[in-house]
Number of protein chains: 2
Amino acid sequence: MLSFNGFAAVDGIPIYIQIVRFVKRNIVSGVTVNGDEAPSRRVLSALLGVNPNTVQKAYRILEEEGLLSSHTGAKSYIEVKPESVARIRRELLEDAAATVVKDLKEMGLTKEDALALIETHWT
Amino acid sequence: MLSFNGFAAVDGIPIYIQIVRFVKRNIVSGVTVNGDEAPSRRVLSALLGVNPNTVQKAYRILEEEGLLSSHTGAKSYIEVKPESVARIRRELLEDAAATVVKDLKEMGLTKEDALALIETHWT
DNA sequence: CCAACTGTATTATATCAGTAATACGCTTTG
DNA sequence: CAAAGCGTATTACTGATATAATACAGTTGG
């Protein structure tokens, strides 16, 4: 079962986007694998304290990206094809790297400053 | 004059928040210093292609944080007290570091993976 | 079988970000 | 002084996010 342990919503970013990202990251990390059962819309919405429609919005995006298989009446399952993982992994890493590099450079940090910062903040 | 060269808005995050962050980062980096003239609401809004009210929202926040001095009819100026810089610097760095560490760990990266990623993406 | 659960759809409402148009009073500059 | 530019305020509108209440059809387990 796909677990949402460790999911902590940040405000300012739409919840459904955060759900999508969380699932993608867990696929990339290998925590979530092909065939994993996804919690139902109703169950997850109750767990996260959001509306079922918000979860549905996230699930629909995952389905459109070929990462989730849904059929009326039946449970939903994570669907991970190897090529998807490579694509998503590249996508997420590029994005995270580009963002942090842009942010830290804008603050005038050198590469060494940046590396040291990550080093000391890695828990 | 406070320059917005290098400002590139990302979608998904409110523009006024991005303006505030951009100014703060430029203060932290020393590019923007005490007494720098800020572009008027109308000029900056035209430059960024957004509504004057959006810029006003950002400027109001900067003013409330003691980083901008505005008076009806007159130009606005950046107001940087040394203690502000230290505070903002700490604030922004902690935030950037915490975010990237959280993101990369969620994708299953080790500290070494993360450092290598930053290293190769630093331009 | 059938009740419980599933995915899916619809409609209504509230809030917020951002746009748009306009107005007013103050400061600065030629 | 007067015009241009400035900060500030107000109102109305759109679109996106999210909630809420239902409803319906398909699947599944006891």
Side-chain angles (χ1 to χ4, degrees), chain A residues 1-4 7-24 32 34-80, chain B residues 1-4 7-24 32 34-80:
Chain A
M1 169 71 86
L2 200 167
S3 161
F4 276 77
F7 180 88
V10 170
D11 71 25
I13 303 168
I15 306 276
Y16 75 95
I17 297 287
Q18 299 189 51
I19 294 174
V20 170
R21 276 210 295 243
F22 185 83
V23 173
K24 284 185 177 179
T32 297
N34 188 57
D36 273 3
E37 182 185 328
S40 81
R41 278 73 167 162
R42 289 171 179 84
V43 166
L44 182 55
S45 67
L47 186 65
L48 302 182
V50 302
N51 192 276
N53 296 335
T54 302
V55 175
Q56 166 63 3
K57 202 166 193 173
Y59 276 20
R60 168 170 303 242
I61 291 174
L62 289 170
E63 196 179 357
E64 282 167 357
E65 294 201 37
L67 301 173
L68 187 76
S69 155
S70 300
H71 299 289
T72 298
K75 292 176 176 174
S76 298
Y77 296 93
I78 295 294
E79 203 174 32
V80 181
Chain B
M1 167 70 85
L2 200 167
S3 160
F4 276 77
F7 180 87
V10 170
D11 71 26
I13 302 168
I15 305 276
Y16 75 96
I17 297 286
Q18 298 190 51
I19 294 173
V20 169
R21 277 211 292 242
F22 186 82
V23 173
K24 283 185 176 180
T32 298
N34 188 56
D36 274 2
E37 182 185 328
S40 81
R41 278 73 166 161
R42 289 171 180 82
V43 166
L44 182 55
S45 66
L47 186 65
L48 302 182
V50 302
N51 192 275
N53 295 334
T54 302
V55 175
Q56 166 64 3
K57 203 165 192 173
Y59 276 20
R60 170 172 301 245
I61 292 174
L62 289 170
E63 196 178 358
E64 282 167 356
E65 295 202 36
L67 301 172
L68 187 76
S69 154
S70 300
H71 299 290
T72 298
K75 293 175 176 174
S76 298
Y77 297 93
I78 294 294
E79 202 174 34
V80 181

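If you're wondering where the values come from, they're calculated on a predicted model, not measured in any experiment. First the proteins, then the strands, lettered A, B, ... as listed; each starts at 1.
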Audit row: Glu79(A), Asn34(A), side chain to side chain contact (heavy atoms under 4.5 Å, CB included) steps and yes/no: CA-CA 5 Å; Glu79(A) 203 174 32; Asn34(A) 188 57; 4.3 Å; yes
Mind calculating the distance between CD1 (Ile19(A)) and C1' (dA18(D)) to the nearest angstrom? 11 Å
Take Leu68(A) and Ser76(A) through the side chain to side chain contact (heavy atoms under 4.5 Å, CB included) test and state the conclusion after the steps. CA-CA 7 Å; Leu68(A) 187 76; Ser76(A) 298; 4.2 Å; yes
Donor-acceptor contact below 3.5 Å, side chain Thr54(A) vs main chain Val50(A): no
Gap between atom OH of Tyr59(A) and atom OG of Ser45(A) - 0.5 Å precision: 9.5 Å
Mind listing the residues from residues 63-78 of chain B sitting with a heavy atom below 4.0 Å of DNA chain C? Number order is fine. Thr72(B), Gly73(B), Ala74(B)
Rounding to an integer number of Å, can you tell me how far Leu62(B) CG sits from dG7(D) P? 13 Å
When you look at Leu48(A) and Ile19(A), which way does the side chain to side chain contact (heavy atoms under 4.5 Å, CB included) test go after all the steps? CA-CA 10 Å; Leu48(A) 302 182; Ile19(A) 294 174; 3.9 Å; yes
Using a heavy-atom distance cut-off of less than 4.0 Å, which residues of residues 36-55 of chain B contact DNA chain C? Arg42(B), Val50(B), Asn51(B), Asn53(B), Thr54(B)
Parallel, tilted or perpendicular: which describes the rings of Phe22(A) and Phe7(A), with under 30° parallel and over 60° perpendicular? perpendicular
Taking atom CE of Met1(B) and atom CG of Asp36(B), what is their separation to the nearest 0.5 Å? 9.5 Å
Atom-pair distance (CG on Leu2(B); P on dC6(D)), nearest Å: 15 Å
Would you tell me if any nitrogen or oxygen in the side chain of Gln56(A) comes within less than 4.0 Å of OP1 or OP2 on dG7(C)? no
Please classify the nucleic acid contact of Tyr59(A) as base, sugar-phosphate, or nothing, using heavy-atom distances under 4.0 Å. nothing
Distance check needed: dC16(C) P versus Ile17(B) CD1, whole Å only. 14 Å
Euclidean distance, atom NZ of residue Lys57(A) to atom P of dT10(C) [Å, nearest integer]: 15 Å
Just the rounded figure in Å: distance from C1' of dA16(D) to CD1 of Ile13(B). 16 Å
Is there a donor in the side chain of Arg60(A) and an acceptor in the side chain of Ser70(A), or the other way round, less than 3.5 Å apart? no
Where the side chain of Gln18(A) meets the backbone of Val10(A), is there a donor-acceptor pair that is under 3.5 Å apart? yes
Side-chain N or O of Tyr16(B) versus OP1/OP2 of dG18(C): is the shortest distance under 4.0 Å? no
